[in-house]
Number of protein chains: 2
Amino acid sequence: MDEPDTEWGTAEGRAMIRLLWDPPPPPARGPRQRLTLDQVVSGAIEVASQQGVDELSMRKVAQHLGVGAMSLYTYVPGKEELFELMIDRAWAGRALPDRTLPWRAQVEFHAREAWAMYQANPWLIRSNLWRMPLGPHVLDAQEDLYRAVLLTGLPATTVARVAGLVEAHVFGAARSAVTDTSVSARTGVTQDDYWESRQSFWGTYYTPERFPAMTHIWEQGGFDEEYSDAAWEFGLRLLLDGVERMADGER
Amino acid sequence: MDEPDTEWGTAEGRAMIRLLWDPPPPPARGPRQRLTLDQVVSGAIEVASQQGVDELSMRKVAQHLGVGAMSLYTYVPGKEELFELMIDRAWAGRALPDRTLPWRAQVEFHAREAWAMYQANPWLIRSNLWRMPLGPHVLDAQEDLYRAVLLTGLPATTVARVAGLVEAHVFGAARSAVTDTSVSARTGVTQDDYWESRQSFWGTYYTPERFPAMTHIWEQGGFDEEYSDAAWEFGLRLLLDGVERMADGER
DNA sequence: ACTCACTTCGTACGGTGTACCGTATCGGAC
DNA sequence: GTCCGATACGGTACACCGTACGAAGTGAGT
């Protein structure tokens with residue numbers, strides 16, 4: 001009789017999948033739409049980029065696009081779905097490596113593309129926390145990464161793990177690198193201001209006796225270049241060196 | 001004259017640091033407090049654990065503790081600060097490794113403790129996105145990890161990178177592993193229901209022709225054990241193998 | 001006994017996502 | 001050309017959020 005309206009059942013799931021994979025047919029029979037789905041997604045991304053993902057709201061997206069808030073719901077079932085579309089759009093920008101390159105160069109290309117994607121779309125960092133959306137561009141990129149890792153000749157289980165490691169590593173590095181700047185953009189507080197606001201800690205509670213290792217690394221300049229390009233590529237190299245060794249041992 | 005009330009300046013920063021590091025003196029001169037700061041933090045963690053971090057609200061925490069919503073603000077400046085206290089509390093549960101063990105065993109111990117922490121507190125996954133709080137328990141654990149990695153004898157910059165890699169890797173693995181279950185707990189939709197709701201995708205848009213690599217890995221059972229303990233320990237091993245080789249080459 | 005710092009919490013404000021529904025707009029059928 | 005009905009638009013409303021404000025009650029110090 002009265003079915004629950006918030007169910008995630010097959011109905012909503014199917015609607016989302018269609019939205020991602022099928023171009024929505026331009027509806028005949030009614031007044032013409034003022035916008036396109038693409039414009040809505042782009043507008044949302046612009047709002048998220050300019051004001052930060054925390055400030056993203058349906059009302060703000062609508063205002064940015066010059067329509068009423070509720071009008072968005074004719075393009076998109078809800079905010080969550082809009083977010084999935086935004087994610088897939090971001091992944092659409094990822095280029096694929098030249099298939100004639102050796103596997104390692106291809107994987108490194110993928111990693112650099114992922115890094116660039118997170119740099120260009122910091123709001124992504126706050127997303128993939130949920131499930132990765134089953135969007136076409138997401139899957140195409142992942143498929144190609146799996147293809148590249150398969151070139152190693154390693155067993156399937158290992159390939160799945162390695163591909164996951166590469167994606168997770170880049171994501172983790174991007175998260176750390178982007179966090180500071182995005183927080184700054186959101187609150188208008190610069191990184192220096194933040195540290196200054198917390199400096200009472202350094203003078204009061206931080207003592208070299210309690211934190212000798214950190215103090216030592218600090219004095220050696222070990223924290224100076226934290227999360228530059230060099231830092232995350234160092235991790236990638238470490239990772240791929242291990243994979244390469246496994247692959248060599250395999251054959 | 002009218003100073004901005006939302007400033008993050010030294011005032012608020014100092015208050016937060018004191019809240020984290022100094023036990024709040026039991027206030028004389030007024031009616032006795034009904035709760036303690038510890039109880040507030042514990043209550044918030046219970047709400048986050050039971051209902052999911054998205055459902056965490058000051059009103060719900062207050063109700064859970066049997067007090068009015070606004071009463072919480074006598075213990076804590078705001079929600080953000082409460083969250084930092086929750087994070088530090090979670091880190092407080094991390095045990096430290098036996099210092100007589102070799103460095104690798106110590107680092108692995110740290111990694112396993114981190115994994116256990118994320119398993120026990122899935123709401124953490126949605127947190128560290130901002131800056132890591134400067135809480136005493138967070139810093140004590142990190143200090144000890146740096147100490148353990150320093151035992152390798154590697155240069156300071158490398159030590160900083162390796163420690164970051166280990167933490168980031170465990171976090172990434174935990175994020176992927178925990179996501180499914182936490183979404184289930186939040187929405188009451190099981191993982192199977194979710195996949196069923198999206199199954200129109202598998203029948204309609206997923207074709208082996210478009211995704212040959214994924215299909216191949218799937219057929220080989222490569223995705224079966226995704227994000228079990230074995231999966232993330234595989235990544236850790238790969239990582240530490242590389243570190244070990246660097247350390248050996250060093251001396 | 002008085003003072004007054006302090007806790008508690010009801011009320012309220014501006015924000016959110018979005019359900020509901022009246023109104024305007026058009027394509028297709030006649 | 002006229003009308004029907006599906007559709008887009010968007011105002012209003014509801015439940016919820018974080019939290020500012022202030023009134024009322026409490027209890028130690030004087």
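Letters A, B, ... are given to chains in the order of the sequence lines, protein chains preceding strands, and every chain is numbered from 1.
- A:Leu56 comes within 4.0 angstrom of sugar-phosphate atoms only, judged by non-hydrogen atoms across all strands, and of no base.
- Between A:Lys60 and A:Met70, the one whose closest nucleotide on DNA chain C sits nearer the 5' end is A:Lys60.
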Nucleotides 3-6 of chain D: which of its N/O atoms have a protein N/O under 3.5 Å away?
{"residue": "D:dA6", "atom": "N3", "partner": "A:Arg29", "partner atom": "O", "Å": "3.2"}

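- Among the nucleotides C:dT7, D:dC9, D:dG18, the one closest to the side chain of B:Tyr73 is D:dG18.
- We find that CG of B:Leu72 is positioned 12 Å from C1' of C:dT7, with the value rounded to whole Å.
- Residue contacts shown for A:Ser71 include a base, since a base heavy atom lies under 4.0 Å away.
- Taking atom CZ on A:Arg34 and atom C1' on C:dA24, their separation rounds to 10 Å, with Å as the unit.
- Straight-line distance from the CD atom of B:Gln33 to the P atom of D:dA28: 14 Å, rounded to whole Å.
- Closest-nucleotide positions on DNA chain D for B:Arg32 and B:Met58 were compared, and the one nearer the 5' end corresponds to B:Met58.
- Whole-Å rounding puts the B:Asp54 CG to D:dA15 P distance at 22 Å.
- Salt-bridge check for A:Glu143 with A:Arg94: failed, with every basic side-chain N at 4.0 Å or more from each acidic carboxylate O.
- Going from atom CG of A:Leu65 over to atom P of D:dA8 covers 16 Å, rounded to whole Å.
- Screening B:Leu139, B:Asp140, B:Leu145 for a side chain to side chain contact (heavy atoms under 4.5 Å, CB included) with B:Gln142, the sole residue that qualifies is B:Leu139.
- Side chain A:Arg59 to base C:dG17: a donor-acceptor pair is found below 3.5 Å.
- No side-chain N or O of A:Tyr75 forms a donor-acceptor pair with one of A:Thr36 less than 3.5 Å apart.
- Summarising the geometry of A:Ala231 relative to B:Arg161, their closest heavy-atom pair is CA-NE, 3.9 Å, with the distance given to 0.1 Å.
- Note: CG (A:Leu35) to P (D:dC9) measures 7 Å, nearest angstrom.
- Counting only residues at least two apart or in different chains, salt bridge (charged side-chain N to carboxylate O under 4.0 Å, His left out) contacts with residues 58-77 of chain A comprise A:Glu55-A:Lys60.
- Taking atom CD of residue A:Gln63 and atom C1' of nucleotide C:dG15, one finds them 13 Å apart after rounding to whole Å.
- The salt bridge (charged side-chain N to carboxylate O under 4.0 Å, His left out) contacts involving residues 30-45 of chain B comprise B:Asp38-B:Arg89, where partners must be two or more places apart or lie in separate chains.
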Hey, mind stepping through B:Phe211 and B:Tyr205 against ring pair (Phe, Tyr, Trp, His ring centres under 6.0 Å) and telling me if it holds?
CA-CA 10 Å; B:Phe211 304 106; B:Tyr205 303 106; over 10 Å; no
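- One interatomic measurement links the two molecules: NZ of B:Lys79 to C1' of D:dC17, which rounds to 8 Å at whole-angstrom precision.
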